[in-house]
Asker: 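My structure is below; once you've seen it, I'll send some questions.
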Amino acid sequence: MTSAAPLDLSARYQLARHLAQQAAQRGLHLYRQREHLTVESKGGFSQDVVSAADRELEVFIRTELLAAFPEDGFVGEETGTARLDARCVWVIDPIDGTACFLHGLHNWCVSIGLLVDGVPAIGAVADPNHDELFHGGRGFGAWVNDQPLQVSSATDLRAGLLGVGTFYANGKQHFMPFLGQLLDAGGMFLRNGSGALMTAYVAAGRLLGYYETCLKSWDCVAGLALLAESGGRCNNFLRGDGLLNGNPYLVACPGVYDQVAAMIGPSLDAD
Ligand code: IPD
Ligand code: CA
Ligand code: CA
């Protein structure tokens with residue numbers, strides 16, 4: 001059910017930043033004792049795992065968000081959906097980079113995004129190991145801590161690094177041919193294990209772009225809100241059932257977007 005009342009996006013932005021940081025600190029505490037966490041495989045793939053930490057943090061974030069804004073909708077990786085017909089829908093990943101988290105690698109974060117009328121409008125991505133909070137949104141700019149974000153001004157893939165990623169379902173067949181083309185063009189790839197962080201790094205100009213054969217909305221809605229405010233381009237990721245089931249994903253600075261999209265081909269925005 002939608003409401004005609006004005007939306008308080010400033011209050012939601014403030015809460016997103018606060019909760020991302022709080023959850024990240026809780027996550028850091030659990031990370032430091034990760035050998036005691038119960039871990040399970042998801043979806044039959046041994047690399048796709050979930051721990052008690054993921055579940056605990058998602059319940060914490062969901063409870064706080066919906067207590068503050070009970071009329072809002074919610075999509076979370078671990079606890080599912082609520083009120084998808086609301087104007088404001090929170091899209092969160094309690095730990096993005098779970099494999100890194102469980103193996104003692106510092107590339108993980110808490111990602112809290114907000115869709116307003118289906119468009120990424122607010123994002124907060126908290127990385128406690130590097131003491132970085134990426135945050136921003138429509139009308140708020142994009143920031144890492146208190147520094148403004150700006151995508152790279154590069155015009156060729158040879159000028160820097162491209163984030164890449166793939167998972168078992170929906171599109172791994174595109175991955176190796178893509179890597180071949182990237183290397184042939186003089187580009188180089190990076191996979192750090194967190195789609196939310198790699199998107200934030202594109203917004204920050206640290207990566208030229210980031211391509212994943214099939215990403216989920218909770219990995220990237222927060223980052224897409226930052227990207228929109230830092231001059232980046234993205235594909236039509238949320239088309240169709242992208243919010244619930246994911247789609248191929250490309251974000252990049254304007255100067256290399258078309259070069260990467262041409263390497264991926266029509267599968268990037270195919271129905
Ligand atoms: C994963 C990370 C990874 C990406 C996978 C995601 P998770 O999320 O974002 O970088 O390659 O597609 O599933 O499982 O760590 O939350
Ligand atoms: Ca994720
Ligand atoms: Ca996750």
Side-chain angles (χ1 to χ4, degrees), residues 19-20 23-24 26-27 30-31 34 37-62 74-81 90-113 120 123-129 134 161-176 178-179 189-203 206-207 209-224 226-227 237 242-251:
L19 277 183
R26 284 183 176 222
L30 293 164
Y31 178 61
R34 59 192 170 276
L37 292 170
T38 305
V39 179
E40 294 163 33
S41 288
K42 283 163 90 173
F45 301 116
S46 59
Q47 295 280 355
D48 196 3
V49 286
V50 59
S51 77
D54 300 75
R55 296 208 169 98
E56 180 180 324
L57 293 187
E58 180 153 327
V59 169
F60 166 68
I61 296 167
R62 181 178 182 137
F74 185 89
V75 177
E77 178 169 14
E78 312 301 344
T79 64
T81 65
W90 296 97
V91 185
I92 75 128
D93 192 343
I95 299 176
D96 184 55
T98 295
C100 294
F101 182 102
L102 292 173
H103 295 306
L105 295 161
H106 286 8
N107 300 322
W108 58 268
C109 63
V110 174
S111 180
I112 299 181
V125 175
D127 171 355
N129 286 292
F134 298 88
L161 300 174
L162 187 82
V164 297
T166 196
F167 223 74
Y168 297 101
N170 303 341
K172 64 179 183 295
Q173 70 272 21
H174 298 295
F175 192 59
M176 297 309 285
F178 173 79
L179 284 184
F189 58 85
L190 175 93
R191 180 185 191 268
N192 80 345
S194 165
L197 280 178
M198 288 204 287
T199 302
Y201 293 166
V202 177
R206 299 177 190 177
L207 292 174
Y210 163 38
Y211 166 54
E212 175 116 5
T213 53
C214 185
L215 203 64
K216 295 291 173 50
S217 63
W218 44 82
D219 300 318
C220 65
V221 164
L224 286 170
L226 304 177
L227 192 85
F237 170 76
L243 178 62
L244 299 181
N245 291 321
N247 268 319
Y249 179 75
L250 174 63
V251 289

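All ligand and atom numbering here is 1-based and tracks the order in the structure. By convention here, the first residue in the shown sequence is residue 1.
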Asker: Please find the pair of heavy atoms, one from W108 and one from D127, that lie closest to each other, and give the distance.
Answerer: O-OD1, 3.9 Å
Asker: In ligand 1, which numbered atoms sit nearer than 4.0 Å to a non-hydrogen atom of D93?
Answerer: 16 (O)
Asker: Any nitrogen or oxygen of C214 lying under 3.5 Å from a nitrogen or oxygen in ligand 1? Just yes or no.
Answerer: no
Asker: Using a strict cut-off of 4.0 Å, indicate which atoms of ligand 1 neighbour a heavy atom of G97.
Answerer: 7 (P), 15 (O), 16 (O)
Asker: Tell me if the CZ atom of F189 is crowded by more than 12 foreign heavy atoms within 6.0 Å.
Answerer: no
Asker: Return the minimal non-hydrogen interatomic distance between G242 and S217, and the atom names on each side.
Answerer: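 Here G242 and S217 meet closest at O-CB, 4.0 Å.
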Asker: Using heavy atoms and a threshold below 4.0 Å, how should the contact between D219 and ligand 1 be classified: side chain, backbone, both, or neither?
Answerer: side chain
Asker: Please state whether the separation between the Ca ion (ligand 3) and some N/O/S atom of E77 is under 3.0 Å?
Answerer: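 Yes, E77 qualifies, because one of its backbone or side-chain N, O or S atoms lies under 3.0 Å.
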Asker: Answer whether the closest heavy-atom distance between the side chains of Y201 and N192 falls below 4.5 Å.
Answerer: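 Y201 reaches N192 side chain to side chain.
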Asker: Enumerate the atoms of ligand 1 whose separation from the nearest heavy atom of R191 is less than 4.0 angstrom.
Answerer: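 Answer, ordered by atom number: 3 (C), 4 (C), 10 (O), 11 (O).
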Asker: Can you check whether W218 reaches E78 side chain to side chain, under 4.5 Å on heavy atoms?
Answerer: no
Asker: Side chain, backbone, both or neither: which part of A196 comes within less than 4.0 Å of ligand 1 when only heavy atoms are counted?
Answerer: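 The answer is neither; A196 stays 4.0 Å or more away.
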Asker: Check ligand 1 against I95 and write out every atom of the ligand that is under 4.0 Å from a heavy-atom position of the residue.
Answerer: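 Those of ligand 1 that fall under 4.0 Å from I95 are 16 (O).
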Asker: Distance under 4.0 Å to a non-hydrogen atom of T98: what atoms of ligand 1 satisfy this?
Answerer: 15 (O)
Asker: Quick one about S111 and D96 (side-chain donor to acceptor, distance below 3.5 Å, no hydrogens or angles considered), yes or no?
Answerer: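 No, because no side-chain N or O of D96 sits under 3.5 Å from a partner of the opposite role on S111.
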Asker: In ligand 1, which numbered atoms sit nearer than 4.0 Å to a non-hydrogen atom of E77?
Answerer: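 The list of qualifying atoms is 16 (O).
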Asker: What are the atoms of ligand 1, with element, lying closer than 4.0 Å to any heavy atom of G195?
Answerer: 2 (C), 9 (O), 10 (O)
Asker: Going by the order shown, which atoms of ligand 1 are within less than 4.0 Å of some heavy atom of E212?
Answerer: 4 (C), 5 (C), 11 (O), 12 (O)
Asker: To the nearest 10°, how many degrees is the angle D96 OD1 to the Ca ion (ligand 2) to D219 OD1?
Answerer: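 Output for this angle: 90°, rounded to tens.
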Asker: The Ca ion (ligand 3) to P94: any N/O/S contact under 3.0 Å?
Answerer: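 So P94 does not count as coordinating the Ca ion (ligand 3).
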Asker: Using 0.5 Å steps for rounding, measure from the CZ atom of R62 to the CZ atom of F74.
Answerer: 5.0 Å
Asker: Taking both backbone and side-chain atoms of Y210, is any N or O found less than 3.5 Å from an N or O belonging to ligand 1?
Answerer: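 No, there is no polar N/O contact under 3.5 Å.
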Asker: Is there a side-chain contact between L162 and F178, using heavy atoms and a 4.5 Å cut-off?
Answerer: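 Of all side-chain heavy-atom pairs linking F178 with L162, at least one is under 4.5 Å.
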Asker: Output the distance between atom CD (E212) and atom SG (C220), rounded to the nearest 0.5 Å.
Answerer: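 The SG atom of C220 is 9.5 Å from CD of E212, to the nearest 0.5 Å.
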Asker: Which atom, counting only N, O or S, brings D93 closest to the Ca ion (ligand 3)?
Answerer: OD1
Asker: Would you please classify the geometry between the Y31 ring and the H106 ring as parallel, tilted or perpendicular, with 30° and 60° separating the classes?
Answerer: perpendicular
